[in-house]
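Take a look at the structure below.
Keep in mind that the numbers below use all heavy atoms, side chains included, and drop hydrogens, waters and symmetry copies.
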Amino acid sequence: MKPSCIPIALVSLLAVSTAASAQSRLSVYGRMDLGVRYAPDNLAVSSARDWTVSSGSTARIGFRGEEVLTPDLSANFRFEHRFKADTGEVDGSPFWKQVATVGLTSKAYGTVFIGRMMSPQDYLGVSGRFEAFDGDTYAASVTRGAKAAAKWDNSVFYISPKIGGFTVHLAAAAGEGIRRRAEGFMLEYARGPLTVAMTHAVEQDPVAGAGAGNAVATTTLAGNYVFGAVIPMFTYGQSEDTGASDEGRERVLTVGARIPAGPGEIRLSVRRLRDDRLNGVNHALDTASDRVGLGYQYRLSKLTSLNLSLVNDRLETFNADGSSKSDRTGRGFELTLRQIF
C-alpha cells in the first residue's frame, strides 16, 4: 500500500467502526437511596416507634442494551438486580428480581418482550407515574394494584405503536405446571396534559389457602393531568374472587398531587385499602388501612435529591367473625439521600 493511501485507509476503517458502534447501545443504570426513619415497624403488632437506617426505595443495578437491525427493527434486552443497600443483602429472590427480558421493537408494529416482566398492572397500569411519590419513600401509597402480582415469570408482553393517543398492551405468562397461566391487557390514552390507563388481568391467586390454579381477577384504573405546574393523580385497584371459594375482594384507592415549591416539589398522597373475606371464607386475613403521606423532594442536582416523608397510618385487623382484632394509628418520618445513575 502506498504511504499516501494509509491515512485514507485508517479514516475509512474508523468510519466503519464508528458506524457499527452507532448501531448498538449498552447502558448501566441504578439507584441508591438511604437515610433514617422513625416510625412503627408493624402496626398489626404495635404502634411503638423506633429509629432505623432505611431505604427510601430499594437499591438496584441494571443493564439494558439495544441493537439496530434495520431502519424499522431493533433488538433489545434488560436485566435488573435489587438489593438492600443498608446491609448489602439480596432483596428476596430471584436474583434478577425486577426484570430479565429480551425483545424486538418495530416502529411500525410495536414491541415484544419475553422473560420475567412487570405485570400489566405494575408495568404502566398503576405504576409510580400515577402515584405522588413515584412508588418510592416511606410516604408512598405502597399497595396500588390490590392483589395483582407485581412480576410475571415466563411471560410474553406486547406493546402496540401509539395510534391517536391510544396504546394497547397484551401479556400472558405460562404456568409451567406450577401455577395458573396468567393473561392480561392494558389500554392507555395519553394526549396533551391527560394520561389515563386501564388494566385487567387474571392470574394465580396469591392469598394463603388458595390452591394452585385458583384464579383472581384484578382491574385497575389510573390517571394524571398536568394542570400547569401541578400534577393531580389517582389510582384504583380491585381484586375479585380471592381465596379458596372465590368469595373475597380487595379494593385500593389513592389520590395525590405533585406541586412545585421553591427548589423542589411538595408531594401529597392519600391511600384507602379495604378487604372483604380476602381468604374467601371469613375475615381472618382482612385489613382496613388508611395512609396519609406528605413529603418534599429537594433536588441537589438532576440525579441527586433529598427526600422527606411524613406519614400518618391507621391499620385495623379483624377476627374470623368480622369483629375488630386490633386498631392502631402510628406516625413517622423519614429523610433519605437518593442518588440515581
Side-chain angles (χ1 to χ4, degrees), residues 33-58 84 86 126 128 130-148 150 206-208 220 222 232-239 242-243 248-259 261 265-279 282-297 306-336:
D33 187 5
L34 285 172
V36 293
R37 180 184 299 180
Y38 183 62
D41 179 60
N42 184 354
L43 277 180
V45 177
S46 170
S47 58
R49 296 183 291 179
D50 197 6
W51 288 96
T52 58
V53 173
S54 64
S55 296
S57 57
T58 307
K84 300 177 181 179
D86 56 335
V126 287
F130 298 116
E131 200 273 333
F133 293 88
D134 298 313
D136 298 318
T137 80
Y138 172 45
S141 64
V142 189
T143 301
R144 296 183 299 272
K147 284 301 174 185
V207 177
T220 69
M233 57 195 65
F234 80 96
T235 71
Y236 177 76
Q238 180 168 308
S239 293
T242 68
R249 178 173 65 172
E250 179 170 277
R251 293 165 292 166
V252 187
L253 172 68
T254 75
V255 293
R258 301 173 191 162
I259 308 167
E265 187 176 69
I266 294 173
R267 298 184 170 188
L268 173 65
S269 176
V270 179
R271 186 209 67 193
R272 183 178 179 88
L273 181 150
R274 294 292 184 270
D275 295 329
D276 181 24
R277 290 177 295 170
L278 193 64
N279 62 10
N282 53 44
H283 298 281
L285 293 182
D286 289 359
T287 59
S289 174
D290 296 293
R291 164 173 286 200
V292 178
L294 175 65
Y296 186 76
Q297 183 181 79
L306 287 169
N307 295 273
L308 173 67
S309 294
L310 305 174
V311 173
N312 185 80
D313 255 336
R314 175 183 171 270
L315 176 68
E316 184 177 10
T317 62
F318 299 89
N319 295 306
D321 62 1
S323 60
S324 181
K325 181 178 181 181
S326 68
D327 191 351
R328 298 185 179 93
T329 299
R331 295 184 178 90
F333 75 87
E334 177 187 77
L335 180 64
T336 66

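Counting only residues at least two apart or in different chains, ring pair (Phe, Tyr, Trp, His ring centres under 6.0 Å) contacts with residues 312-335 comprise Trp51-Phe333. Note on residues 131-140: pairs passing salt bridge (charged side-chain N to carboxylate O under 4.0 Å, His left out), not counting sequence neighbours, are Arg31-Asp136, Asp134-Arg258, Asp134-Arg267. Counting only residues at least two apart or on different chains, the side-chain hydrogen bond (donor to acceptor under 3.5 Å, both in side chains) pairs with a member in residues 308-318 are Thr137-Ser309, Asp290-Arg314, Arg291-Asp313, Asn312-Arg331, Arg314-Glu316, Arg314-Asp327, Glu316-Ser324, Thr317-Ser326.
The minimum heavy-atom distance between Ala320 and Asn282, with the atom names listed, is O-CB, 3.3 Å. Closest of all the heavy-atom pairs between Ala132 and Ala257 is CB-O, 3.7 Å. Here the closest heavy-atom approach between residue Tyr138 and residue Ala39 is recorded as OH-CB, 3.2 Å. When all heavy atoms of Ala139 and Ser269 are compared, the closest pair comes out as O-CB, 4.3 Å.
The backbone N or O of Val126 lies less than 3.5 Å from a partner atom in the side chain of Arg144, making a donor-acceptor pair. A donor-acceptor contact shorter than 3.5 Å links the side chain of Asp286 to the backbone of Leu278.
Put simply, the side chain of Lys325 reaches to within 4.5 Å of the side chain of Asn319, judged on heavy atoms. The shortest side-chain heavy-atom distance between Leu315 and Ser289 falls under the 4.5 Å cut-off. With contacts defined as side-chain heavy-atom distances shorter than 4.5 Å, the pair Thr220/Thr235 does not qualify. The closest side-chain heavy-atom distance from Val255 to Leu268 is not below 4.5 Å. Side-chain contact check for Asp41 versus Ser46: every heavy-atom pair is 4.5 Å or farther apart.
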>> Run Glu250 and Thr143 through side-chain contact (heavy atoms from CB on, under 4.5 Å) and show every step you take.
In response: CA-CA 11 Å; Glu250 179 170 277; Thr143 301; 4.3 Å; yes
>> Between Asp275 and Leu273, does the side-chain contact (heavy atoms from CB on, under 4.5 Å) criterion hold? Intermediate values first, please.
In response: CA-CA 7 Å; Asp275 295 329; Leu273 181 150; 3.8 Å; yes
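Between the CZ atom of Arg37 and the OG1 atom of Thr336 there is a distance of 9.0 Å, given to the nearest 0.5 Å. Remark: Leu294 CG to Leu310 CG distance equals 5.5 Å, nearest 0.5 Å. For the atom pair CG (Leu335) and CG (Leu34), the distance works out to 12.0 Å, reported to the nearest 0.5 Å. Remark: Asp50 CG to Tyr38 OH distance equals 7.5 Å, nearest 0.5 Å. Here NZ of Lys147 is found 8.0 Å from OG of Ser239. Values are rounded to the nearest 0.5 Å. The OG1 atom of Thr329 sits 7.5 Å away from atom CG of Leu43, with the distance rounded to the nearest 0.5 Å.
In this structure Arg277 satisfies the side-chain contact (heavy atoms from CB on, under 4.5 Å) test together with Glu247, His283, sequence neighbours excluded. For Arg271, there are no salt bridge (charged side-chain N to carboxylate O under 4.0 Å, His left out) partners at least two apart in sequence or on another chain. Not counting sequence neighbours, the partners of Tyr236 by the side-chain hydrogen bond (donor to acceptor under 3.5 Å, both in side chains) test are Gln238.
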